[in-house]
J.: 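I'd like to ask some things about the structure below.
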Amino acid sequence: MCMNNNSQPNNKLMLSDDILMQVEKPARYTGGELNMVKKEPSEVAVRFCMCFPDVYEIGMSHLGIQILYSMFNSWEDTYCERAYCPWPDLDAIMREKNIPLFSLETQTPLNKFDFLGITLQYEMCYTNILQMLDLGGIPLLSEDRTWDDPIVSAGGPCTYNPEPVADFFDVVYIGEGEVTFRDLLDVYKEARSEGVSREEFLYRASMVPGIYVPSLYEVSYNDDGTIASVVPTVSDKLFNELLKNDPTLTKEEVINRIPKKVVKQVETDLDHTYYPEKPIVPFIRATQDRIVLEIQRGCVRGCRFCQAGMIYRPIRPRSLEYLKWLAVQMLDATGYEEMTLSSLSSSDYGELEALVTFLLEQSEKYHCNIALPSLRVDAFSLDVMSKVQDVKKSSLTFAPEAGSQRMRDVINKNLTVEDILRGVTEAFHGGWKRVKLYFMLGLPGETDDDIAAIAELADLIAATYFDEIPKEERQGRPEITASTSFFVPKPFTPFQWSPMGTAEYFDEKRRFLTQKVRDQLNQKSIRYICHDAVTSELEGIFARGDRRLAPVIMEAYKRGLIFDAWTDWFKPDEWNRVLDEMQVDRNFYNYRERGEDEIFPWDFIDAGVTKSFLRREYEKSKRAETTPNCFEKCSGCGAARYQCGVCLSHSSKN
C-alpha cells in the first residue's frame with residue numbers, strides 16, 4: 001500500500017537534535033518532504049535505496065532520480081527511498097559517533113537495503129561513491145560482499161565507461177532505467193526465493209538486457225598497456241553451482257550466455273512511461289529549485305565533443321497533449337514558482353510554440369514562471385523569452401564553443417558568425433545587453449589563431465551593440481562574458497581517439513587568451529573567466545580510464561579526498577601525490593592519440609552509435625568537414641535500430 005506522505009514519517013531520526021544543530025543545513029538529513037512516498041517496509045519484497053554521490057541540494061535537482069523514484073514506488077512489491085552524501089561537517093560526526101549513513105524516508109542504514117542504485121553523473125564524484133558505501137557499512141569492493149550486503153548498482157552517463165569504478169559495483173545498468181529495471185528486480189526476487197548464491201544471481205542478472213556485471217568479464221592487457229581483450233568468464237565455484245541444476249552444462253555454454261556486448265536500453269515511447277507527476281519538493285533550496293518538464297530526449301545536432309548528444313540518440317519528443325496534462329499535474333502537486341523545459345536542444349521541439357502558449361496560460365493561473373534553457377537565440381526564441389520570463393535584467397547565453405569558423409566546423413557546431421551576430425542583434429534590439437558566451441580550450445587541432453578568435457568574436461559582439469543601438473537608447477555599455485572550459489575527450493564521441501591538453505598547456509592558453517581580450521578595442525565591455533585546469537586533467541583520466549584506476553580511487557578516498565567537484569574541497573596537490581605514488585601514466589590516459597583499431601575500455605558496450613560512424617566523424621573533423629543534423633539527413637550513426645523518434649521519419653521516406 002503506497003501513499004504520498006506530506007509529513008515526517010513515524011520513525012525516530014538517526015540524528016539527534018544536538019547533532020542537527022551542529023551541522024550546516026540540517027534539513028538535508030530529516031526527510032519528510034512534500035510528496036515523499038511512504039510505505040510499510042515489511043509489506044514489500046524489495047527495498048531499494050536511490051543514492052546520489054553528492055550533497056542533497058545537487059541530488060534533489062536530478063531528474064533521473066525523481067523518475068526512477070516514481071517508477072519504483074508505483075510497484076506494490078518495491079519501496080524506493082533516497083540517500084545523499086553527508087556534507088563534511090556531518091561526515092566527521094558520523095565517523096566519530098559510528099552513525100551509519102541512512103535513507104531519508106525511514107532513516108534505515110544503507111546496509112539494510114536489498115538494492116542500492118548509485119547514479120554516476122560526473123567523474124569527479126567517484127570518491128563520494130566510496131564515502132556512501134563506507135558510511136553505509138557496506139564493503140567497498142564487490143568481491144567482498146555477501147548476501148548480507150545490498151546489491152550495489154550504477155546508472156547514469158558515466159556508466160558508458162564504468163571501468164574505473166567497476167570493482168565497486170555488482171551490476172551496472174546501461175541506458176534508460178525505465179526499460180528493464182523491472183526485469184532485474186524480478187530476477188532478484190526469483191533468486192532470493194530459490195535460495196541461490198549471490199554469484200548465481202549476478203550471473204542471471206547479466207542476461208537481463210542492459211545489465212553489465214563487471215565480475216563476469218576478464219580484461220587482459222598488451223605490453224604497451226592497451227587492452228588486449230575483454231571476455232566473459234565464470235569462476236569454477238559458480239560453474240559447479242550451475243552444474244547442480246543441470247549436469248549436462250559445459251563451461252563454454254555457461255560463458256556464452258553472458259553477452260559479449262551489453263546493449264544500451266532506450267525508452268521508445270515517452271508518452272507511456274514513468275514520470276514524476278508529484279515530484280518531491282525539498283525543504284531547502286535545491287540547485288534546480290523548480291518543476292522540470294522533460295519535453296524530449298536526445299539531440300539531432302551531432303556536436304563531436306558532446307557525449308550526451310551521442311549516447312541519448314535518437315531524439316524522441318513527447319506529445320504536446322501529454323506535456324500539457326503532465327504540466328498541470330505537476331503544478332497542482334508542488335506549488336513551485338517556476339517550471340523549466342528540459343531538453344538538450346529545446347528549439348528542436350517541433351511543437352514548442354503551442355506548448356509555450358499553453359504554459360503561458362497556466363502560468364497566470366498558478367503564478368508560475370516559465371524557463372526555456374537550451375534555445376537557439378533567434379527572433380522566435382527571443383519573442384518567446386520576452387513573454388515567459390523577466391529576462392531583460394539577466395543575460396542571454398550563446399554556446400559557440402569555438403571562436404573561429406574553422407574550429408566550429410571541426411567540432412561540427414554548424415553555427416556561423418552570421419548566425420551568432422543575427423542572434424545578438426535581435427537580442428540587443430529586444431532590450432538585452434548582457435551576453436554570456438561559452439567556449440572550450442584544447443579542442444583537437446586548435447591553433448593560437450583559433451584561440452585569439454574567441455576574444456575577437458567577443459569584441460565583434462560588443463561592437464555590434466554600439467552599431468545597432470542608438471546612443472540615446474543605450475543603458476551603459478554591453479556586458480559580454482566569455483567563459484572557457486577545458487576540452488575533455490569522452491567515450492562514444494568522435495573525439496574519443498583525441499589527445500587531451502596538459503594542465504600546463506591549458507594554463508598557457510588561458511594566459512594567452514586573457515591578453516588577447518585585453519588587446520580588443522571594446523575590452524572594457526568584455527569579461528573573461530576560465531575554469532580550473534587541474535580538475536579537467538583528473539576528469540580526463542577517469543573519463544577514458546580502465547579498471548586499473550580503481551585502486552587509485554580507493555587510495556584517494558582513504559586519504560580523505562571527497563567532494564572533488566567542489567572547488568573548496570578539491571585538493572589537487574594531494575591528488576597529484578596519489579597519481580604519482582600509484583604510477584598513473586598521464587600520457588597514456590590523457591595526452592596520446594588513440595590508435596584507430598585500439599580496444600577501448602568501454603568497447604563491450606553497444607551504445608547505439610557505431611564505432612565506425614564515430615571514426616568517420618573523427619576523420620571528418622581533421623578535414624574540418626561538417627555533417628548535417630538528423631532532421632536534414634540521416635548519417636547512418638546506428639541509432640535507427642531503435643526504430644523510434646526522428647529515425648522513423650527517415651525510414652518512412654525510404
Side-chain angles (χ1 to χ4, degrees), residues 61 287-288 290 301 303 305-306 308 338 340-347 369-386 388-404 407-408 411 413 415-443 450-466 468-469 474-487 509-510 513-514 516-518 520 522-532 536 567:
S61 302
T287 306
Q288 300 291 330
R290 58 184 69 94
R301 296 290 149 186
C303 297
F305 60 85
C306 181
E338 185 171 352
T340 186
L341 306 189
S342 173
S343 170
L344 290 175
S345 178
S346 299
S347 296
N369 196 30
I370 309 299
L372 291 164
S374 305
L375 283 177
R376 291 191 302 277
V377 180
D378 53 25
F380 164 71
S381 299
L382 290 168
D383 181 58
V384 169
M385 284 187 286
S386 65
V388 302
Q389 55 186 337
D390 180 18
V391 294
K392 295 192 177 183
K393 294 181 180 178
S394 63
S395 59
L396 288 179
T397 299
F398 294 79
E401 310 294 359
S404 69
M407 280 309 303
R408 288 195 291 275
I411 64 177
K413 186 64 182 177
L415 183 70
T416 66
V417 68
E418 289 78 18
D419 295 329
I420 297 169
L421 293 181
R422 189 180 307 115
V424 297
T425 298
E426 294 277 0
F428 292 149
H429 282 294
W432 287 270
K433 71 167 188 172
R434 297 182 180 92
V435 174
K436 290 182 180 178
L437 303 169
Y438 288 108
F439 301 94
M440 283 184 284
L441 292 178
L443 288 165
D450 297 315
I451 297 173
I454 294 174
E456 293 161 4
L457 180 59
D459 184 71
L460 183 58
I461 291 172
T464 300
Y465 178 84
F466 292 116
E468 291 288 334
I469 305 302
R474 297 174 197 160
Q475 296 180 350
R477 294 179 177 274
E479 299 174 24
I480 314 299
T481 299
S483 174
T484 60
S485 59
F486 297 112
F487 167 68
K509 299 310 174 185
R510 173 182 52 78
L513 181 53
T514 299
K516 287 296 178 182
V517 169
R518 290 171 180 164
Q520 300 306 308
N522 296 292
Q523 58 94 8
K524 290 184 178 180
S525 297
I526 305 171
R527 176 175 174 243
Y528 172 51
I529 55 177
C530 185
H531 291 209
D532 174 59
S536 299
T567 303

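Only heavy atoms go into these numbers, but all of them, side chains included; no hydrogens, no water, no symmetry mates.
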J.: With rounding to the nearest 0.5 angstrom, report the CD1 to NZ distance, Ile469 to Lys433.
T.: 11.5 Å

J.: So which heavy atom on Ala308 is nearest to which on Leu344, and how close?
T.: O-CD1, 3.8 Å

J.: Would you say Ser536 and Phe487 make side-chain contact, with heavy atoms under 4.5 Å?
T.: no

J.: In this structure, which one of Arg474, Lys524, Arg434 forms a salt bridge (Lys or Arg N to Asp or Glu O under 4.0 Å) with Glu479?
T.: Arg434

J.: Might you confirm whether atom NZ of Lys413 has over 12 heavy atoms from other residues, nucleotides or ligands at distances under 6.0 Å?
T.: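 Enclosed: over 12 neighbouring heavy atoms sit under 6.0 Å from NZ of Lys413.
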
J.: Can you give me the closest heavy-atom contact between Ile411 and Ala402, atom names plus distance?
T.: CD1-CB, 4.3 Å

J.: For residues Phe486 and Lys509, determine if any side-chain heavy atom of one lies less than 4.5 Å from a side-chain heavy atom of the other.
T.: no

J.: Within the structure provided, determine whether Phe398 and Val435 are in side-chain contact (heavy-atom separation under 4.5 Å).
T.: yes

J.: Can you measure from CG (Leu415) to CZ (Arg408) and round to the nearest 0.5 angstrom?
T.: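 The distance works out to 6.0 Å.
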
J.: Please name the pair of heavy atoms, one in Phe428 and one in Ile480, separated by the smallest distance, quoted to 0.1 Å.
T.: CZ-CD1, 4.5 Å

J.: So among Leu457, Asp450, Val417, which one has a side chain to side chain contact (heavy atoms under 4.5 Å, CB included) with Ser404?
T.: Asp450

J.: State, with a plain yes or no, whether a side-chain heavy atom of Ser485 is found less than 4.5 Å away from one of Tyr438.
T.: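 Side-chain contact under 4.5 Å: no.
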
J.: Is it the case that over 12 heavy atoms from other parts of the model lie below 6.0 angstrom from the CZ atom of Arg527?
T.: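 For Arg527, atom CZ is not crowded (no more than 12 foreign heavy atoms under 6.0 Å).
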
J.: Side chains of Ile526 and Thr481: does their closest heavy-atom pair fall under 4.5 Å?
T.: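 Side-chain contact under 4.5 Å: no.
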
J.: Do Tyr528 and Thr484 meet the criterion of a side-chain donor-acceptor pair at a distance under 3.5 Å?
T.: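 Their side chains do contain a donor-acceptor pair, which is all the 3.5 Å distance test asks for.
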
J.: Mind checking the CD1-CZ spacing from Ile451 to Arg510? Nearest 0.5 Å is all I need.
T.: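 So the CD1 of Ile451 and the CZ of Arg510 are separated by 12.5 Å.
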
J.: Check Arg290 against Glu338 and note the closest heavy-atom contact, atom names and distance.
T.: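 Here Arg290 and Glu338 meet closest at CB-O, 3.2 Å.
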
J.: Calculate, to the nearest 0.5 Å, the distance between atoms CD and CD1 belonging to Gln520 and Ile454 respectively.
T.: 11.5 Å

J.: Can you tell me how far the NZ atom of Lys436 sits from the OG1 atom of Thr397, to the nearest 0.5 Å?
T.: 5.5 Å

J.: If you round to the nearest 0.5 Å, how far is CD1 of Ile420 from OG1 of Thr425?
T.: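 That separation rounds to 11.5 Å.
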
J.: Can you name the nearest heavy-atom pair linking Trp432 to Tyr465, along with the distance?
T.: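 Looking at all heavy atoms of both residues, the shortest contact is O-CE1, 4.4 Å.
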
J.: Any chance you could lay out the side-chain contact (heavy atoms from CB on, under 4.5 Å) test for Met440 and Phe305, step after step, and finish with the verdict?
T.: CA-CA 10 Å; Met440 283 184 284; Phe305 60 85; 3.4 Å; yes

J.: Taking atom types as modelled, is there a side-chain donor on Asn522 or Ser525 under 3.5 Å from an acceptor on the other?
T.: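 Short answer, no.
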
